[in-house]
Number of protein chains: 2
Amino acid sequence: MSGASGKEVCDAHESPSEDPARFHPDVVERAASVFRALGDTARLVLLERLAVRELCVSDLAELSGEGLSTVSQRLRTLRAEGLVRRRRSGKHVYYTLADDHVAGLIRNALEHASEEVG
Amino acid sequence: MSGASGKEVCDAHESPSEDPARFHPDVVERAASVFRALGDTARLVLLERLAVRELCVSDLAELSGEGLSTVSQRLRTLRAEGLVRRRRSGKHVYYTLADDHVAGLIRNALEHASEEVG
DNA sequence: CAGACACTTGAACAACTGATGAACCAGCGC
DNA sequence: GCGCTGGTTCATCAGTTGTTCAAGTGTCTG
C-alpha cells in the first residue's frame, strides 16, 4: 500500500483522465439518504398504503398489526426525508405522501419490481 | 392484543375497511432491496461514474482512492440487485449500468437532490 | 509452468439500524 | 382539574451492514 506515485498505464487500458463524479458530495449523500429511507420493506408498505389515501397512525398500526410506537418511528424516518407530510385533526395525526413525485416513484418502483419477480 | 374482534369506530374516524396494500410481499421486498443498494453514498458514487462510461474496477478504485476489495464488494452488491452488468476484457473487468432505466433513475435522483440542497 | 496482475470471495470486526417498552406531550370528555 | 386515548420521543438491545485483510480464482507474459 502507500507509495503508488508512478501509476503506469496498462497495455490496452487508458487511465481515467477525467473524474466523472460531478455532483457535490452533499447532493449524493442526500440522495442516498432518501434511498436508504425507501430501502426497508416495512416503510415501503407504509408508503404504499399512503399512496392510496391519507391514513392516521392508528390505522397504519392496525393494518400492519404492529404497535403505535413502531409505526411512528417509521413515519418519523420517512418524514425526515421529506417523503411524507403530516396533519393534525383532533386527536389523530394523518399522514400523506409529500407530493406526486414521491407517489410516482413508489408506484414506478413497485411495478418495475413486480415485473421482475413475475 | 390478539382478539380484536369488536373494533369500534372513533367519533370522526372511519376504520380502514379496505387494506390498501396490494403488491405481494415479495415484490415489496424486492423493491426495498434495490433501494437499499442505492442507499449508500459510496455505491451511489460508483453508479454516478458508471453512468458516464464503462469503467473497470481498478479505475473506480483509483478514482475513489480505495482498495480493490472494497470497490469490488460494492459492485457485488449492485450486481446482486441487477443495477450493473460486468464484462471481461483480458485481465480487466468492466462494469456498466444494467440498462437505461437505471441510468435515468440515478440521474433523476441526483438532480432532484441537487435542487433540494441548492 | 511460474509469476505478476486484476479481481473476487470469506471471515472478522466495527458501525449502524430497526424494534420495542417506558416515559412523556397533546387533545377530548367528564 | 382528572383521566383517557392517540402519538411521539428516549433508551436499550438484537440484528444487519460495510470495511478490511487474507487467501483464492482467472488471465496474460515470459
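Each chain gets a letter, A, B and so on, in the order the sequences are listed, and its residues count up from 1. Remember, predicted model here, so these are calculated numbers, not experimental data.
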Give the rounded distance in Å between these two atoms: [atom1] of [X] and [atom2] of [N].
X: A:Arg43; N: C:dG18; atom1: CZ; atom2: C1'; answer: 8 Å
X: A:His92; N: D:dT8; atom1: NE2; atom2: C1'; answer: 15 Å
X: B:Leu68; N: D:dC21; atom1: CG; atom2: P; answer: 12 Å
X: A:Lys91; N: C:dG29; atom1: NZ; atom2: P; answer: 7 Å
X: B:Leu46; N: D:dG18; atom1: CG; atom2: P; answer: 13 Å

Should A:Asn108 and B:His101 be marked as a side-chain contact (heavy atoms from CB on, under 4.5 Å) after you check the CA-CA gap, both sets of side-chain angles, and the distance that decides it?
-> CA-CA 11 Å; A:Asn108 202 323; B:His101 187 263; 3.9 Å; yes

Of A:Glu66 and B:Thr70, the one whose closest DNA chain C nucleotide lies more 5' |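 The answer here is B:Thr70.
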
My understanding is that only residues two or more places apart in sequence, or in another chain, count here; which of them pass side chain to side chain donor-acceptor pair (under 3.5 Å) with [X]?
X: B:Thr41; answer: A:Glu29
X: B:Arg88; answer: none
X: B:Ser33; answer: B:Glu81
X: B:Glu111; answer: none

Residues from residues 34-41 of chain B lying under 4.0 Å of DNA chain C - heavy atoms =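 None - not one residue of the stretch has a heavy atom sitting under 4.0 Å from the strand.
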
Please set out all donor-acceptor pairs under 3.5 angstrom arising from side-chain atoms of residues 67-74 of chain B, sequence neighbours excluded.
from, atom 1, to, atom 2, distance (Å)
B:Arg74, NH1, B:Glu66, OE2, 3.4
B:Arg74, NH2, B:Glu66, OE2, 3.2

Look at B:Tyr95 and C:dA6 and indicate whether a side-chain polar atom (N or O) is within less than 4.0 Å of OP1 or OP2.
-> no

Selection: residues 72-89 of chain B, any non-hydrogen atom under 4.0 Å of DNA chain D | B:Gln73, B:Arg74, B:Arg88

Over all heavy atoms of both residues, which pair between B:Tyr94 and B:Cys56 is shortest? Give the atoms and the distance, please.
-> CD2-N, 3.6 Å

Using salt bridge (Lys or Arg N to Asp or Glu O under 4.0 Å) as the criterion, list what pairs up with A:Arg43, not counting sequence neighbours.
->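 Counting only residues at least two positions away or on another chain, A:Arg43 forms no salt bridge (Lys or Arg N to Asp or Glu O under 4.0 Å).
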
For B:Arg87, salt bridge (Lys or Arg N to Asp or Glu O under 4.0 Å) partners two or more places apart = B:Glu54

Side chain of B:Ser69 (C-beta onward), nearest among D:dG6, C:dG10, D:dT8 |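 Nearest to the side-chain atoms of B:Ser69, counting from C-beta on, is C:dG10.
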
May I ask you to say what A:Gly90 touches in the nucleic acid, namely base, sugar-phosphate or nothing, with a heavy-atom cut-off under 4.0 Å?
-> sugar-phosphate

